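All remarks here apply to the structure that follows.
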Protein chains: 2
Amino acid sequence: MSCNNILKAKGYRLTPQRRVILDILHHEGAHLTADALYEQVKDKVAGVDRSTVYRTLELLESLGLVVKAEIHGAHVYHHSEEGHHHHLKCRVCGKVAELPEESLEVLSKTLRDQYGFIADMHHHVITGLCPICSQAESTKH
Amino acid sequence: MSCNNILKAKGYRLTPQRRVILDILHHEGAHLTADALYEQVKDKVAGVDRSTVYRTLELLESLGLVVKAEIHGAHVYHHSEEGHHHHLKCRVCGKVAELPEESLEVLSKTLRDQYGFIADMHHHVITGLCPICSQAESTKH
DNA sequence: CTGGGTGCAAATGGTTTGCACTTCT
DNA sequence: AGAAGTGCAAACCATTTGCACCCAG
């Protein structure tokens, strides 16, 4: 079922603003900040307001159609149908590498078995040192 | 070496404000928000300003004496000598359980071996469903 | 036609900054 | 003495909210 239909099914209206926001989130592979999204929406719908973008994101998130995460200290959003994945963010150079979902499956199982905790294994951000920077770091002294 | 000495060694001054802030972070086991910390500092140093608290936290964090993390969408700080641990945060009831550092060691090793990535395995927050809520969730329908 | 959704403008809350004054060292 | 640190007030920035109008169903 498309997002549009999900919205309708739950009794929400499908306004031009929402259509455009969903559309952008669909086609934009990257993780957008609310502001970046607003900038794009502005070009397609004259006169949109930031508050509409925020309100829509909040709605979509509550419906599980959009995932909110934090990268670089900023909030980013992306469509939830994208393959789930995680990030390895380098504390030094700031580069972000992707990590397939499976990598955390062992952990997920451990938490479930030992603690009865069902972890949301979506879109984790793990900070640390990337290969390049860790090498630089260790040869420094 | 005590925090006080670390500050001095790096050429920073040891003011009453800083002394009190360090003291509170030392004795307070919990994770404090900047505001909660400010409230406590206020009682011991008349006329402190929030900005001083923020500036001090920034300094201490940059020296690695204090760790900043995000829980419940709020920024929290704690003294970095506390045993490293992680959190399991329930998305439904909001309760936070602690998780010993070792639990993530397998993951840490995997990342190092497969990606050459040295993860900062300090103070992670994993969101999901706690045993109680996950049970409630599954019996709901 | 009617209530959900929007734009607007103003408020919010947490954090940062410029500046003159104070205080460690 | 002199730079580092502070308090104060104002600025900031992302996000939220109240309200009157508007349009999707």
Side-chain angles (χ1 to χ4, degrees), chain A residues 2-25 31-63 65-77, chain B residues 2-25 31-63 65-77:
Chain A
S2 83
C3 290
N4 295 2
N5 292 335
I6 293 178
L7 275 187
K8 284 192 180 176
K10 302 244 179 181
Y12 295 102
R13 290 191 190 161
L14 193 48
T15 62
Q17 293 88 334
R18 287 181 180 170
R19 219 186 289 264
V20 167
I21 290 174
L22 277 170
D23 197 53
I24 293 172
L25 287 170
H31 307 76
L32 294 165
T33 58
D35 190 65
L37 177 58
Y38 167 69
E39 287 300 323
Q40 291 200 41
V41 178
K42 210 171 42 159
D43 294 340
K44 302 200 178 183
V45 184
V48 232
D49 192 75
R50 280 194 162 74
S51 61
T52 300
V53 173
Y54 280 111
R55 283 190 273 231
T56 303
L57 284 172
E58 189 187 4
L59 172 66
L60 297 178
E61 195 194 353
S62 76
L63 292 178
L65 299 177
V66 150
V67 175
K68 181 181 186 177
E70 174 163 345
I71 298 189
H72 304 152
H75 295 130
V76 293
Y77 301 81
Chain B
S2 81
C3 290
N4 295 1
N5 292 333
I6 293 177
L7 276 185
K8 284 192 178 175
K10 302 245 180 177
Y12 295 101
R13 291 188 190 165
L14 192 48
T15 63
Q17 293 88 334
R18 287 181 180 170
R19 219 186 289 264
V20 168
I21 290 174
L22 277 170
D23 197 53
I24 293 172
L25 288 170
H31 307 76
L32 294 164
T33 57
D35 190 64
L37 179 56
Y38 166 70
E39 288 299 323
Q40 291 200 39
V41 179
K42 209 171 43 158
D43 294 340
K44 301 200 180 186
V45 184
V48 234
D49 192 76
R50 281 193 162 75
S51 61
T52 300
V53 173
Y54 280 110
R55 285 191 272 231
T56 303
L57 284 173
E58 189 186 5
L59 171 66
L60 297 178
E61 194 193 354
S62 76
L63 293 177
L65 299 177
V66 151
V67 175
K68 181 181 186 177
E70 173 163 344
I71 299 189
H72 304 152
H75 295 130
V76 293
Y77 300 82

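Reminder, nothing fancy here: chain letters follow the sequence lines and each chain counts from 1. Quick caveat, the model's predicted, so the values are computed rather than measured.
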N-O pairing of A:Glu58 and A:Arg55 below 4.0 Å: no
Kindly compute the distance separating [atom1] ([X]) from [atom2] ([Y]), expressed to the nearest 0.5 Å.
{"X": "A:Tyr38", "Y": "A:Arg50", "atom1": "OH", "atom2": "CZ", "answer": "5.0 Å"}
{"X": "B:Ser62", "Y": "B:Tyr12", "atom1": "OG", "atom2": "OH", "answer": "5.5 Å"}
{"X": "B:Leu59", "Y": "B:Thr52", "atom1": "CG", "atom2": "OG1", "answer": "12.0 Å"}

Within a strict 4.5 Å, meaning less than it, do heavy atoms of the A:Lys68 and A:Leu57 side chains meet? no
Check whether any side-chain heavy atom of A:Leu65 lies under 4.5 Å from a side-chain heavy atom of A:Leu25, and answer yes or no. no
Among B:Val76, B:Thr56, B:Ile24, B:Val20, which residue meets the side-chain contact (heavy atoms from CB on, under 4.5 Å) test with B:Leu37? B:Ile24
Grab the [atom1]-[atom2] distance between [X] and [N] for me, whole Å please.
{"X": "A:Lys42", "N": "C:dT6", "atom1": "NZ", "atom2": "P", "result": "18 Å"}
{"X": "B:Leu7", "N": "D:dA4", "atom1": "CG", "atom2": "P", "result": "15 Å"}
{"X": "A:Lys10", "N": "C:dG4", "atom1": "NZ", "atom2": "P", "result": "17 Å"}
{"X": "A:Leu63", "N": "C:dG4", "atom1": "CG", "atom2": "C1'", "result": "14 Å"}
{"X": "B:Arg18", "N": "C:dC24", "atom1": "CZ", "atom2": "P", "result": "11 Å"}

The test is side-chain contact (heavy atoms from CB on, under 4.5 Å); show your working for B:Val67 and B:Glu61 and say whether it passes. CA-CA 6 Å; B:Val67 175; B:Glu61 194 193 354; over 6 Å; no
At less than 3.5 Å, do the side-chain atoms of B:Arg55 and the base atoms of D:dG7 form a donor-acceptor pair? yes
Would you check if the side chain of A:Arg18 reaches a backbone N or O of A:Arg13 as a donor-acceptor pair within less than 3.5 Å? yes
The helix from C:dT12-D:dA14 to C:dT25-D:dA1: angle between its terminal axes, five pairs each, to 10°? 30°
For nucleotides 13-16 of chain C, list the nitrogen or oxygen atoms of the protein found under 3.5 Å from its nitrogen or oxygen atoms, one pair per line.
residue : atom : partner : partner atom : Å
C:dT15  : OP1  : B:His75 : ND1          : 2.9
C:dT15  : OP2  : B:Tyr54 : OH           : 2.3
C:dT15  : O5'  : B:Tyr54 : OH           : 3.3

Could you go through the side-chain contact (heavy atoms from CB on, under 4.5 Å) check for B:Gln17 and B:Val53 one step at a time? CA-CA 8 Å; B:Gln17 293 88 334; B:Val53 173; over 6 Å; no
Look at the side-chain N and O atoms of B:Gln17 and state whether any lies under 4.0 Å from the OP1 or OP2 oxygen of D:dG7. yes
Restricting to nitrogen or oxygen on both sides, can you table the protein-nucleotides 21-25 of chain D pairs closer than 3.5 Å?
residue : atom : partner : partner atom : Å
D:dG25  : OP1  : A:Leu14 : N            : 3.4

Verify side-chain hydrogen bond (donor to acceptor under 3.5 Å, both in side chains) between B:Ser51 and B:Asp49, making sure each step is shown before the conclusion. CA-CA 5 Å; B:Ser51 61; B:Asp49 192 76; 2.7 Å; yes
